[in-house]
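Single-structure report; data block below.
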Amino acid sequence: MTDLRLSGIGMTSARTRDRLVQRLREQGISNLAVLERIRNVPRHIFVDEALGSRAYEDTALPIGYGQTISQPYIVARMTEALLEGGTLDNVLEVGTGCGYQTAVLAPLVTRLYSIERIEPLLSRARERLRELGIRNVRFRHGDGTVGWKAHAPFDGILVAAAPLTLPEALVRQLKVGGRLLVPIGPEGEQELVRFTRREQRLERESLGGVAFVPLLGGTS
Ligand code: SAH
């Protein structure tokens with residue numbers, strides 16, 4: 001892939017990306033490191049070429065297999081909410097999808113583990129991250145509902161698909177003081193929740209209504 005394809009031209013140019021960043025600022029995203037990632041990650045390489053010109057609109061787009069690339073605002077909001085309160089060493093992402101959220105988050109943490117249940121999406125994500133020179137991510141094809149025990153406990157867990165109820169395994173794999181960002185609920189009624197694990201309890205904060213694809217069991 002050429003440098004030009006990564007840096008973008010026209011509707012994928014730096015100026016177009018700046019407009020997206022400005023819009024996210026206006027919507028309340030204030031973490032500068034997160035905004036810098038949104039500016040620097042070429043979202044257009046994560047979608048089909050035919051959709052490239054829409055890559056910097058603040059909207060979800062199809063990535064095949066009935067899945068979508070998350071809306072930039074949501075990626076920024078979740079990343080910001082995950083990082084709030086300190087740096088993170090060991091982070092788990094459930095639902096790699098096309099790898100866009102992974103690419104935004106990876107350089108902001110020490111190690112990122114990312115699980116996806118649809119194999120072709122995972123291998124494409126892997127390729128794109130390699131192309132962007134991001135090397136602190138380990139991928140796994142599997143069911144993220146059960147977490148990734150071998151690398152637990154995590155300082156942070158980000159779930160990019162919505163379960164109906166909180167998956168207990170993910171809570172068990174969270175460090176004390178660790179944060180879990182997850183959209184919960186049926187289609188049309190989901191809420192983005194941040195859980196913080198305390199010694200004896202789980203703290204719960206609602207971050208508002210969202211629309212995610214469902215978190216499914218098994219692999220494909
Ligand atoms: N943040 C991603 C979008 C993810 S869409 C991006 O930027 O592209 C949600 C993804 O979660 C889909 O790819 C879907 O296949 C995956 N998914 C759903 N249930 C899962 C599960 N149990 N384990 C792992 N991945 C899952």
Side-chain angles (χ1 to χ4, degrees), residues 20 24 34 37-38 40-48 51-52 54-82 91-109 112-129 131-132 134 137-149 151-152 154 156-171 173 180-187 190 192 207 210-220:
L20 172 62
L24 298 188
V34 173
R37 290 305 295 154
I38 298 286
N40 290 334
V41 177
R43 190 168 183 254
H44 62 276
I45 71 162
F46 291 89
V47 296
D48 235 43
L51 289 171
R54 299 191 55 200
Y56 299 97
E57 289 176 15
D58 189 21
T59 176
L61 295 168
I63 55 173
Y65 307 92
Q67 307 302 321
T68 53
I69 181 172
S70 306
Q71 180 193 352
Y73 172 77
I74 289 295
V75 169
R77 183 78 188 95
M78 286 182 91
T79 309
E80 185 172 78
L82 189 73
V91 176
L92 175 69
E93 176 187 49
V94 174
T96 317
C98 66
Y100 176 67
Q101 165 81 71
T102 320
V104 169
L105 180 60
L108 305 176
V109 304
L112 182 56
Y113 298 93
S114 190
I115 309 181
E116 169 57 54
R117 64 181 290 278
I118 301 176
E119 216 288 317
L121 284 179
L122 187 69
S123 41
R124 257 189 270 165
R126 214 183 236 132
E127 233 169 79
R128 285 168 179 138
L129 266 79
E131 201 175 357
L132 294 176
I134 296 173
V137 183
R138 289 264 306 267
F139 293 98
R140 178 184 198 169
H141 175 223
D143 177 5
T145 312
V146 300
W148 194 337
K149 220 170 167 184
H151 298 292
F154 300 100
I157 300 178
L158 189 155
V159 185
L164 293 176
T165 58
L166 175 63
E168 285 303 319
L170 297 183
V171 177
Q173 294 180 18
L180 164 59
L181 266 288
V182 56
I184 297 183
E187 236 183 299
Q190 296 166 2
L192 181 59
L207 303 183
V210 285
F212 277 82
V213 297
L215 186 78
L216 303 172
T219 58
S220 78

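Keep in mind that what you see is a predicted model, and the values were worked out from it rather than measured. Both counts, for ligands and for their atoms, begin at 1 and track the order of listing. No hydrogens, no waters, no symmetry mates; every other heavy atom, side chains included, goes into these values.
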Any sub-3.5 Å donor-acceptor pair from [X]'s side-chain atoms to [Y]'s backbone N or O?
| X | Y | answer |
| --- | --- | --- |
| Arg117 | Gly218 | yes |
| Arg124 | Gly99 | no |
| Glu93 | Leu158 | no |
| Gln190 | Phe212 | yes |
| Gln173 | Val146 | yes |

Measure [X] to ligand 1 on non-hydrogen atoms and call it side chain, backbone, both or neither using the 4.0 Å cut-off.
| X | value |
| --- | --- |
| Cys98 | both |
| Asp143 | both |
| Leu121 | side chain |
| Thr68 | backbone |
| Ile118 | side chain |
| Glu116 | both |

Side chain to side chain contact (heavy atoms under 4.5 Å, CB included) with Leu192: of Val182, Ile184, Leu207, Val159, only one passes, and it is Leu207
If we only count heavy atoms from C-beta on, is the [X] to [Y] side-chain gap below 4.5 Å?
| X | Y | result |
| --- | --- | --- |
| Ile38 | Thr79 | no |
| Asp48 | Pro62 | no |
| Leu92 | Tyr113 | yes |

For [X], counting its heavy atoms only, list the atoms of ligand 1 lying under 4.0 Å from any of them.
| X | result |
| --- | --- |
| Val213 | 5 (S), 9 (C) |
| Ala161 | 11 (O), 18 (C) |
| Ile115 | 24 (C), 25 (N) |
| Thr96 | 2 (C), 6 (C), 8 (O) |

Return the option from [options] holding the heavy atom at the smallest distance from [atom].
| atom | options | result |
| --- | --- | --- |
| atom 17 (N) of ligand 1 | Arg117, Glu93, His141, Glu119 | Arg117 |
| atom 18 (C) of ligand 1 | Ser114, Gly95, Pro214 | Pro214 |
| atom 9 (C) of ligand 1 | Gly97, Ala160, Pro183 | Ala160 |

When you check the side-chain N and O atoms of Thr102 and Thr96, is any donor under 3.5 Å from an acceptor?
-> no
Taking both backbone and side-chain atoms of Gly144, is any N or O found less than 3.5 Å from an N or O belonging to ligand 1?
-> yes
Is there a nitrogen or oxygen of Leu216 sitting under 3.5 Å from a nitrogen or oxygen of ligand 1?
-> yes
What protein heavy atom sits nearest atom 12 (C) of ligand 1, and how far away is it?
-> Gln67 OE1, 3.2 Å
Atom 7 (O) of ligand 1 has as its nearest protein heavy atom Gln101 N, 3.2 Å
Should Ser70 be listed as contacting ligand 1, given a heavy-atom distance under 4.0 Å as the test?
-> yes
May I ask whether Gly142 places a heavy atom under 4.0 Å from ligand 1?
-> yes
Enter the distance from Arg138:CZ to Arg126:CZ here, rounded to the nearest 0.5 Å.
-> 10.0 Å
Phe46 vs Arg128, side-chain contact (heavy atoms from CB on, under 4.5 Å): CA-CA, chis, key distance, verdict | CA-CA 7 Å; Phe46 291 89; Arg128 285 168 179 138; 3.6 Å; yes
